[in-house]
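Atom set for the values below is all heavy atoms of this structure, side chains included, hydrogens, waters and symmetry mates excluded. Start at 1 and go down the list; that is how both ligands and their atoms are numbered.
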Amino acid sequence: MRATDLLKNFLEKDISSCTNSEIYFALVKTIKHLAKEKRTKETKKKLYYVSAEFLLGRLLTNNLLNLGIYEEIEDFLSKNGYSLEKFEEMEAEPSLGNGGLGRLAACFLDSIATLNLCGDGIGLCYHFGLFKQVFKDSKQTEEINPWLDASGFLEGENKSYTVSFKDFSVSARLLNLDVIGYMGGVNSLRLFDIETIDEGLVKKGIDFDKEDIKRNLTLFLYPDDSDDKGRLLRVYQQYFMVSCAAQLILDECIEKGCKLYDLSDYAVIQINDTHPSMIIPELIRLLMEKGLSLDDAISAVSKTVAYTNHTILAEALEKWDISFLKEVAPQIVPIIEILDGRVRRKFPDETVYIIDKDDRVHMANMDIHYCFSVNGVAALHTSILKENELSSFYKIYPDKFNNKTNGITFRRWLLNSNKPLTDLIKDKIGNGFKKDPAELKKLKDYAKDEKFLNRLLEIKRESKKRLCDYLYRTQKIALNENSVFDMQIKRLHEYKRQQLNALYLIDKYFEIKEGKLPLRPITAIFGAKAAPAYTIAKDIIHLILCLGKLIEADKAVSPHLKIVMVENYNVTIAEKLIPACDISEQISLASKEASGTGNMKLMLNGAITLGTMDGANVEIHKIVGDDNIYIFGEDSKTVLLRYKQKNYKSEDYYLKNPALKRCVDFITDEKMKEIGDEKSLTRLKTELLKKDYFMTFPDFESYKETKDNALSDYEDRISWAEKMLYNISGASYFSSDRTIKEYNEDIWHLEERNKK
Ligand code: 26V
């Protein structure tokens, strides 16, 4: 049956007498129906991608596109006087992730299904996604972000498990979201919830009783873990997730004929960072319960689980006090002790122990010893892991280490979010790139085709105009569409250095005041959420919002410079921002950003990167060449050496460089204090002067020079368009289809499922 006929059936009456909500839910039912039809039999071996985060974004239009019925449905709706956009906007975004790690998991699910591989995601069904950010008095406040009732895509499954904690147990409920590949297969994202959850526990903002585990376990994504109660809750969540995952995986394998010691013939489990690490002892425990010997259980699990590392920041590498694990799941503690004992007997090197002298369990260490594959997420990141952070492990297990440079799904980040650009590409090189992103390389043949380059510029202009309309309609932000759109859109973290961008903007403000005007007005756009307990990150947001206000009120400066921070940056807003970006800020301190994936989305949409030699920027640089990217700052070797020597003093740079000093001092200038909160601004300034752990100051000058060069090059529109073209075509490498093919060839070894 055609999609529109199905839709009409689900509407049950003539569309003209339906409410918007009836139409929305009929669309959802149509999608679910078609997804069911497309499901094919599973293969013997299956991938389980276990992750605490899946930052999916809205599903409606993406699913229509992947099913190949977008145009048909759009047509039908418009003939009846409706725009599809209206229904798209009714969907509450499932924000089940913080940032890159969760969004990567979502892109991977899309590619796995598209490539017809048999692989499900497993995670938690948080009732509230990442908090909704609301600005009050130029500060971030947090509100709950519900999505469940308004979604319609989630379905209950007839399966439940019991998870036992130390003093009590909970019943788990399994829910399913279809993962619909682009003209490909259909897989599942399996999300676990508890029967006894109580949304009424949430009081003010995002506060709730952190100790009432039976009622709060799946309420929130990443509850604030700034205190012990929060940390303990996180361990509860993690154990709950992996115990459910392990039970589900074993059930499915046994049903297919698995004899348990041959688990790795039926399952491969990719763990997304260390949040699911407890699946190792949990699986060992369950296998022993089912009759395997300790040795056989350890061996089966070690051949089945693979680990991806997503960060080298020491503070982000999870270490749990063993007392926490004893409190939550004492049944796995003896197993972890056995695993640690084996390591200690074999390797007399404290740095590779699982349990350290302070009785903390290093989750990554457990993973590396007991997984068969350890991968980093960009070439530089993997080599830093091998040579620095994890060098003692690399010496022991050189063959386990491998790199899988991240990627993004072009369905969401080009086909769906930038239709005019998609159509232009299709006109030039045909439709092939939609299934085979390598075909994008063909675009390079048009690097000197002025007509084509002009069309690229026109499309960018149109996207900027659309963004202006959207931001005005939704947030009352008014932008000048003829200005340069410079964007830094990502989580707020000191290592990503939004503060460096802010210092540049202060410098620009001074220049404009002195009469040195930019060639064209500049619009600096930020989008970022700060972790609720991360004080300095919130101070940086405050600084940016105050600067925006100060400049807005200064009539000498405001025609030339505008600073905005969009509220509640999320996947939905990213989809509107990215097509409209001219300059993509990727300015993390070299060595700190494992990969970055926003950098890939932005280049694919024709933005030019201004960045350090960090994460995947290094590979972007290699692909597009010096002329098509703006690289600045110290490289990772210099940075790592400086950390080693422990001799960085930010004050030295401040005192040596009057331009920098002027900018730093301005943070607490009287004018700023009038607008903002003195305490917050002073705290930030002091942090920079006394610590600046992420070394903003040494890169200030080269950042300024390089950014100014980019702004001046922007004026040669045709040569800028050529840069855009090289970036769009070079982005082909960063398709998550390529990444997933590599995971499959090197780690998973799944056979392609037969298409129906
Ligand atoms: C977590 C935390 C938590 C505690 C406070 C500091 C902190 C800093 C960073 C993180 C990141 C955790 C892992 C993560 O999200 N990594 C991101 O993974 C992306 C996908 O591989 C990658 O593109 C990003 O570079 C990386 O930051």
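Using a 4.0 Å cut-off between heavy atoms, Thr308 makes no contact with ligand 1 at all. If you look at Leu101 next to ligand 1, the close heavy atoms, those under 4.0 Å, come from the backbone and the side chain alike.
In this structure, the protein non-hydrogen atom closest to atom 25 (O) of ligand 1 is Glu593 OE2, 2.6 Å. Looking only at heavy atoms of the protein, atom 16 (N) of ligand 1 is closest to His310 O, 3.0 Å. Remark: minimum distance from atom 22 (C) of ligand 1 to any protein heavy atom is reached at Gly596 N, 3.7 Å. If you check which protein heavy atom lies closest to atom 3 (C) of ligand 1, you get Ala316 CB, 4.3 Å. Nearest to atom 4 (C) of ligand 1 among the protein's heavy atoms is Glu315 O, 4.3 Å.
Using modelled atom types and a 3.5 Å distance limit, the side chains of Asp635 and Thr638 yield a donor-acceptor pair. A donor-acceptor contact under 3.5 angstrom links the side chains of Glu282 and Ser243, judged on distance only.
For Tyr643 and Tyr693, the ring centers sit closer than 6.0 Å to each other. Side-chain rings of Phe220 and Phe208 approach one another, their centers coming within less than 6.0 Å.
Near Tyr495, meaning under 4.0 Å from any of its heavy atoms, are these atoms of ligand 1: 27 (O). The Gly100 neighbourhood of ligand 1 comprises atoms 19 (C), 20 (C), with distances under 4.0 Å to a heavy atom of that residue. Remark: ligand 1 atoms within the under-4.0 Å shell around heavy atoms of Val377 are 21 (O). Distances below 4.0 Å separate heavy atoms of Ala594 from the following atoms of ligand 1: 25 (O).
With hydrogens and angles ignored, the 3.5 Å screen pairs a side-chain donor or acceptor of Asn744 with a backbone N or O of Leu750.
At least one heavy atom of Arg491 lies less than 4.0 angstrom from ligand 1. Heavy atoms of Tyr534 come nearer than 4.0 angstrom to ligand 1 in no pair at all.
For Tyr569, the ring-ring contact (aromatic ring centres under 6.0 Å, His included) test picks out no residue, with sequence neighbours left out. By the side chain to side chain donor-acceptor pair (under 3.5 Å) test, Trp147 pairs with no residue at all, sequence neighbours left out.
Because its NZ or CZ atom is both nearer than 6.0 Å to the ring centre of Tyr397 and within 45° of the ring axis, Lys400 counts as a cation-pi partner of that residue.
Between Tyr495 and His493, the angle of the ring planes lies from 30° to 60°, which puts this pair in the tilted group.
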